[in-house]
Enquirer: 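Structure in structure tokens, see below.
Worth knowing before you read on, the calculation uses all heavy atoms, side chains too, and leaves out hydrogens, waters and symmetry mates.
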Amino acid sequence: METLTLRPGEPDAGSRVDAWVAGQLEGLTRSAVQRLLEEGRILRDGKPLAKNYKLTGRESLTVVLPDPEPIDARPQNIPLEIVYEDADVIVVNKPKGLVVHPAPGHPDGTLVNALLYHCGGSLSGVGGALRPGIVHRIDRDTSGLIIAAKNDFSHLRLAAQLQDHSLARTYECITVGGFREDRGTVDAPIGRHPVDRKKMAVVPIGRPAVTHWEVLARFSGFTHLRCRLETGRTHQIRVHLAHLGRPILGDGLYGKPAPGLQGQCLHAVALQFTHPRTSQLLELRCPLPEEFQAQLRKLAARL
């Protein structure tokens with residue numbers, strides 16, 4: 001049984017504890033956090049909290065995680081491009097089109113199924129039966145680096161790095177539209193779209209979300225950007241750039257599909273984190289996929 005200490009800040013005051021904890025530990029869904037609350041596993045000053053408890057922003061929470069559930073997802077021999085691996089963590093360059101974990105409509109053929117085949121029984125159970133090892137997620141049609149934990153010790157410490165923003169995730173993308181400035185920051189809360197429940201949106205009652213961006217190259221009507229996540233909300237970069245009126249090329253949900261391009265031109269190019277066991281700082285990178293590079297060559301040829 002593992003325990004984790006979480007400390008909300010003043011900006012979190014008024015947030016429901018179930019939503020906030022789920023946002024800090026990306027391997028746990030809100031419903032999973034609610035089950036922990038029902039079981040008395042989330043405490044303040046040693047006392048279990050109610051599901052509707054609202055944070056003051058000054059408390060210290062203790063999360064007592066149960067022993068790992070049996071893993072329901074089945075191993076499948078799906079090729080993986082492994083960028084780094086040891087006894088505690090594995091980092092994979094996920095291709096476009098690969099779903100991260102089983103979900104309705106995608107019962108198998110996911111990254112989790114591939115990891116189960118490759119790692120055997122060595123994946124953390126913090127994320128539950130369908131998300132073993134998964135510390136953070138990448139959209140199906142986004143490519144690039146994703147880290148998974150091989151044990152609960154590593155998972156909890158990586159989750160803590162996500163919470164304090166020391167696990168740095170850097171992306172590159174191509175946007176439709178130009179930028180006058182060379183760099184900037186989008187600080188705008190993200191929540192479920194008020195009408196289209198498949199989408200996220202910038203909404204006043206959303207959860208805090210911060211994206212830093214930098215121009216790498218300008219083209220006629222398009223821009224090559226580098227983006228660094230300070231928070232990790234669902235679809236964050238896609239939502240923030242669409243909010244600026246600069247949707248990502250090929251993003252059919254927040255912009256328009258692009259002929260000959262599968263999904264959005266968005267790639268997780270770098271990860272930086274402290275190894276959960278050795279405390280060594282690891283900086284990992286992977287190249288842009290050929291499809292992304294082809295789009296850059298195409299745009300450059302028009303200049």
Side-chain angles (χ1 to χ4, degrees), residues 8 11-12 14-34 94 96-106 110-111 127 130-131 134-146 159 162-163 165 167 169-177 184-213 225-258 261-268:
D12 304 309
S15 300
R16 277 181 55 121
V17 64
D18 55 350
W20 185 82
V21 172
Q24 306 311 302
L25 305 177
E26 292 195 27
L28 290 180
T29 63
R30 187 169 179 176
S31 60
V33 173
Q34 289 173 344
K94 186 191 82 66
K96 267 190 181 184
L98 183 64
V99 176
V100 170
H101 57 77
H106 299 282
T110 71
L111 177 63
L130 294 179
R131 302 184 184 189
I134 300 303
V135 178
H136 67 107
R137 287 166 284 176
I138 294 180
D139 299 336
R140 178 180 67 178
D141 286 331
T142 297
S143 56
L145 297 181
I146 181 170
L162 278 173
Q163 181 195 5
H165 313 311
L167 195 162
R169 290 162 288 170
T170 303
Y171 290 72
E172 290 188 21
C173 64
I174 299 174
T175 66
V176 180
T185 296
V186 186
D187 185 349
I190 291 177
R192 188 67 58 182
H193 193 285
V195 177
D196 188 344
R197 306 304 291 175
K198 294 181 180 180
K199 298 173 66 174
M200 307 299 287
V202 169
V203 292
I205 59 172
R207 293 159 64 191
V210 179
T211 304
H212 305 284
W213 57 267
L225 286 186
R226 177 186 294 126
C227 296
R228 183 175 62 81
L229 290 177
E230 188 169 311
T231 53
R233 308 307 176 205
T234 301
H235 300 173
Q236 179 172 315
I237 294 175
R238 299 165 65 190
V239 172
H240 272 169
L241 291 177
H243 177 66
L244 295 180
R246 305 292 186 269
I248 295 175
L249 178 65
D251 190 344
L253 187 61
Y254 298 102
K256 295 180 180 179
L261 187 63
Q262 176 191 330
Q264 57 273 1
C265 211
L266 178 63
H267 180 69

Enquirer: Using ring-ring contact (aromatic ring centres under 6.0 Å, His included) as the criterion, list what pairs up with His243, not counting sequence neighbours.
Expert: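 Counting only residues at least two positions away or on another chain, His243 forms no ring-ring contact (aromatic ring centres under 6.0 Å, His included).
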Enquirer: Can you list the residues that meet the side-chain contact (heavy atoms from CB on, under 4.5 Å) rule with His193, with sequence neighbours excluded?
Expert: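 Only Val195, Asp196, Lys199, Ala201 meet the side-chain contact (heavy atoms from CB on, under 4.5 Å) criterion with His193.
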Enquirer: Can you sort out the partners of Arg226 under salt bridge (charged side-chain N to carboxylate O under 4.0 Å, His left out), two or more places apart, ordered by chain and number?
Expert: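 Per chain and number, Arg226 pairs via salt bridge (charged side-chain N to carboxylate O under 4.0 Å, His left out) with Glu214.
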Enquirer: Test of understanding: with side-chain contact (heavy atoms from CB on, under 4.5 Å), list the residues that count as partners of Leu98, not counting sequence neighbours.
Expert: Lys94, Pro95, Leu111
Enquirer: Apply salt bridge (charged side-chain N to carboxylate O under 4.0 Å, His left out) to Asp139 and list each qualifying residue two or more places apart in sequence or on a separate chain.
Expert: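 With neighbours one apart ignored, the set is Arg238.
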Enquirer: Ignoring hydrogens, what is the shortest heavy-atom contact between Val202 and His240? Give both atom names and the distance.
Expert: CG2-CD2, 4.1 Å
Enquirer: So Leu225 and Leu241, do their side chains get closer than 4.5 Å, heavy atoms only?
Expert: yes
Enquirer: Checking Asp12 now: which residues fulfil side-chain hydrogen bond (donor to acceptor under 3.5 Å, both in side chains) with it, not counting sequence neighbours?
Expert: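 Testing Asp12 for side-chain hydrogen bond (donor to acceptor under 3.5 Å, both in side chains), a comparison that skips the adjacent residues, returns Trp20.
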Enquirer: Between Ser143 and His267, which heavy-atom pair has the shortest distance, and what is it?
Expert: OG-ND1, 2.7 Å
Enquirer: Assess the residue pair Val176 and Lys256 against the criterion (side-chain contact (heavy atoms from CB on, under 4.5 Å)); give the C-alpha distance rounded to whole Å, side-chain angles, the decisive distance to 0.1 Å, and a yes or no.
Expert: CA-CA 10 Å; Val176 180; Lys256 295 180 180 179; over 6 Å; no
Enquirer: Heavy atoms, side chains only, cut-off 4.5 Å: are Arg169 and Leu162 in contact?
Expert: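 Heavy-atom side-chain distance check passes, below 4.5 Å.
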Enquirer: Taking only residues two or more places apart in sequence or in another chain, which ones pass side-chain contact (heavy atoms from CB on, under 4.5 Å) with Val99?
Expert: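 side-chain contact (heavy atoms from CB on, under 4.5 Å) check on Val99 returns His106, Thr110, Arg140.
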Enquirer: Kindly write out the residues that satisfy side-chain contact (heavy atoms from CB on, under 4.5 Å) with Asp141, not counting sequence neighbours, or none if the list is empty.
Expert: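 side-chain contact (heavy atoms from CB on, under 4.5 Å) list for Asp141, sorted by chain: Gln262, Gln264.
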Enquirer: Return the minimal non-hydrogen interatomic distance between Cys173 and Leu266, and the atom names on each side.
Expert: CB-CD1, 3.6 Å
Enquirer: Taking all atoms of both residues into account, what is the closest heavy-atom pair of Trp213 and Thr185, and its distance?
Expert: NE1-N, 3.7 Å
Enquirer: Which heavy-atom pair separates Pro247 from Tyr254 by the least distance, and what is that distance?
Expert: CB-O, 3.8 Å
Enquirer: Applying side-chain hydrogen bond (donor to acceptor under 3.5 Å, both in side chains), name anything that partners Gln236, two or more places apart in sequence or on another chain.
Expert: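 In terms of side-chain hydrogen bond (donor to acceptor under 3.5 Å, both in side chains), with neighbours along the sequence ignored, Gln236 is linked to Thr211, Thr231.
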Enquirer: Quick one, Val210 and His165 - any side-chain contact, counting heavy atoms below 4.5 Å?
Expert: no
Enquirer: Answer yes or no: is there a side-chain heavy-atom contact under 4.5 Å between Thr234 and Ile190?
Expert: no
Enquirer: Can you sort out the partners of Thr175 under side-chain hydrogen bond (donor to acceptor under 3.5 Å, both in side chains), two or more places apart, ordered by chain and number?
Expert: none
